[in-house]
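The structure follows.
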2 protein chains.
Amino acid sequence: MAQRRTATIKDVAAAAGVGIATVSRVFSGTGSVSAATRERVLAAAGELDYRPSALGRGLKLRRSGGIGLIVPDVTDPFHADLVAGVLACARGLGEHVIVDAAYGDPAREAEIVERLVEQRVDGIIAVPAGARADWRAAARVCSSVVFADRMLPDLPEIPAVLADDAGGVRSLTEYLAGLGHRRVGFLGGAPGAPAGVRERAFRDTLAQLGVPVEEDLVVAARAARDAAYAAAAGLLQRRADVTAVLAAGHLLGEAAVLVARELDLRVPADVSIAMVDDVSWAELCDPPLTAVARPGHDIGYRACELLLREPARRGRGQPVLLPTELVVRGSCGPLRPARR
Amino acid sequence: MAQRRTATIKDVAAAAGVGIATVSRVFSGTGSVSAATRERVLAAAGELDYRPSALGRGLKLRRSGGIGLIVPDVTDPFHADLVAGVLACARGLGEHVIVDAAYGDPAREAEIVERLVEQRVDGIIAVPAGARADWRAAARVCSSVVFADRMLPDLPEIPAVLADDAGGVRSLTEYLAGLGHRRVGFLGGAPGAPAGVRERAFRDTLAQLGVPVEEDLVVAARAARDAAYAAAAGLLQRRADVTAVLAAGHLLGEAAVLVARELDLRVPADVSIAMVDDVSWAELCDPPLTAVARPGHDIGYRACELLLREPARRGRGQPVLLPTELVVRGSCGPLRPARR
DNA sequence: TTGAAAGCGCTAACAT
DNA sequence: ATGTTAGCGCTTTCAA
């Protein structure tokens, strides 16, 4: 069978002996068609392998029926969860999802947004890298934008769905302090990064608990394996007296575990380790790592809902905050005499 | 400033005092325009925040400038790598990527394909769940399809980019046998699943080495955590005399590690464990896990290249096979007296 | 170099 | 209930 040009609505109409509007009605579910004609149309369509063109429909309707999703890295387990959540919600609403990764590069992010706008997506969900100027422009040009996991403080008008990071870090800090730890190291995000909430929560909680925070114990690292490792190594070597470390992300937690092992520190006998992000390896570690689970899937799902179903609720009000959960495993123990 | 309707090519033409064809030429890079006119057009466009509509262009050109990507699960680290590879290649070629997850469900997969065809994607890359009938139909209706990571034996006409799984399992098996192991358990994929190559490679290699394979030692599990765990537990409990287990995937490896720990088996003193897929936690394990790395990113990249750049090379010939790499860590040791 | 005009496949009035 | 028609925003001959 020769590979004919793909059939159009016109072909189907001709084959079924009806007008193109009727075919349109059948496929878009709009208007009314008699059962008999519907049958004829469907038959003709089946015969011709007809698939309505989203391009034609989109042009007419001025929307593509798809949304854009920008994450820093699809390879990161947390963001992968988030993507899955968006896909789940979008599928339910009949929208497709154009995914791209910006790797924390604002320029790249801006470029992606540009492309999405050209595609006339119905909206954009983004874990923003953080160039407020670009996003301000994007928000003006694009139908709608929802931030997920992070928000830009300069852009409070853009709705956001976040994990309750402050709460998560607080519970982690309280847990560690409750175990008796006083010198706990904090491995945090790059200085000035939006992850600043985590560090602030750490400091605040400690202060509330009457534990003085030593500047020397809170260190920041770029969101990359090597940087995380360097930060952890720096902290643990510089301050052999820390009895616990709180890693504000799974990359940092990974680094802490690796460094502790390298330094022959027993966990939790010598150092307790806890982290934000309950990724799958936390349970495989030996000992399994205590962590705060952030609902990546839900964040994605909610963000998509907010974008597509509740345009009303968007805009005004505070960001949506989703709860985290402390998962206690074996990596933290009660305070013991300082090592060394 | 009132939120005006988004500007069209006509608006720009009017504002710049030229015909729409000229604006089109400027933005599509086709034809020739004098520098002066180009400037005027660009200025007008900038003024109006004009973004050419991919919908309009797509309709005219009969292609959307995007490709579809179907994976079983974006949350799986290997598939996430694959997605990243596709994104990297697609970005370079100026195409966007519509991603969706089928979760191993052929019906869902078929539905996704349907949607992608309606979107008039320029091609589809899929890690097929495996309903040959659907894919046969899809291949007829869609411009082009490339399989990644897996292929359907019944559809040799669809080009595929795969990891050299047989080679990977062979090197793993040889490594284990070289350590002296004779009773090595094999944790494999569901019976009849495309992952059958792995099991076959295991059997063949053992046979070549003159090691008899005991049917009792090769077990299969669905690709899910619970199934994997059950399979691993079954194997290790039933045959306390196995001295090594080869897990044919990271989910199975995870299960093996967990079960071994549960059973108080020391690794590698009591059992050696090795697996296919060098996911990030392999290094975090204690001891770190020996694994075969499969090039997920490259597979995605190559698949995309094949789809978009080399339509000529498609179709004829064998699937593209990408090499794997054995990463030896500490989870495998020489044979010791049987436990128990 | 530039403009006019004819669609690309579809939906939505508007007729009938 | 069904057909006719006018675009949606763009590219591309074809003339000028």
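Labels below follow one simple rule: chain letters A, B, ... track the order of the sequence lines, proteins then strands, and each chain is numbered from 1. Since we're looking at a predicted model, the values are computed, not measured.
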Original post:
Start at the 5' end of DNA chain C and walk down; is the nucleotide closest to B:Gly19 or to B:Arg62 reached first?
Top reply: B:Gly19

**OP:** Report yes or no: does B:Asp298 contribute a side-chain atom to a donor-acceptor pair with the main-chain N or O of B:Pro295 at less than 3.5 Å?
**Re:**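 Absent.
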
Original post:
Are A:Thr37 and D:dT2 close enough that a side-chain N or O sits under 4.0 Å from OP1 or OP2?
Top reply: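 Yes.
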
Original post:
How close or far is atom P of D:dC10 from atom CG of B:Asp11, stated in whole angstroms?
Top reply: 9 Å

Subject >> Residues A:Glu305 and A:Arg302 bridged, charged N to O under 4.0 Å >> reply: yes

Original post:
Counting only side-chain N and O atoms of A:Lys10, is one of them less than 4.0 Å from OP1 or OP2 of C:dC10?
Top reply: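 No, A:Lys10 has no side-chain N/O under 4.0 Å of OP1/OP2 on C:dC10.
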
**OP:** Indicate yes or no: does A:Asp154 engage A:Arg136 in a salt bridge with an N to O separation below 4.0 Å.
**Re:** no

Subject >> Flag, side chain of B:Ser144 to backbone of B:Leu307, donor-acceptor distance under 3.5 Å >> reply: no

Subject >> Reading 5' to 3' through nucleotides 11-16 of chain C, protein heavy-atom contacts under 4.0 Å coded B for base, S for sugar-phosphate only, - for none >> reply: BBB---

Original post:
Can you check the A:Leu59 CG to C:dG7 C1' distance for me, whole Å?
Top reply: 12 Å

**OP:** Applying side-chain contact (heavy atoms from CB on, under 4.5 Å), name anything that partners B:Arg62, two or more places apart in sequence or on another chain.
**Re:**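 Partners of B:Arg62 under the side-chain contact (heavy atoms from CB on, under 4.5 Å) test: A:Arg5.
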
**OP:** Starting from P on C:dC10, measure out to CZ on A:Arg63 and report it in whole angstrom.
**Re:** 17 Å

Original post:
Is the phosphate of D:dG3, meaning OP1 or OP2, less than 4.0 Å from a side-chain N or O of A:Thr22?
Top reply: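 So the side chain of A:Thr22 is within the cut-off, an N or O lying under 4.0 Å from OP1 or OP2 of D:dG3.
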
Original post:
Under 4.0 Å between a Lys/Arg side-chain N and an Asp/Glu carboxylate O for A:Arg115 and B:Glu95?
Top reply: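 Between B:Glu95 and A:Arg115 there is no salt bridge, as every charged N stays at least 4.0 Å from the carboxylate O atoms.
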
Original post:
Any idea which of D:dA1, D:dG3, D:dG9 is nearest the A:Ser32 side chain?
Top reply: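 Closest of the options to the side chain of A:Ser32: D:dA1.
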
**OP:** Quick one: label A:Gly29 by what it contacts on the DNA or RNA (base, sugar-phosphate, nothing), any heavy atom closer than 4.0 Å.
**Re:**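 It contacts nothing in the nucleic acid.
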
Original post:
Rounded to the nearest Å, what distance is computed from the CZ atom of residue B:Arg51 to the C1' atom of nucleotide D:dC10?
Top reply: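 To the nearest whole Å, that distance equals 17 Å.
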
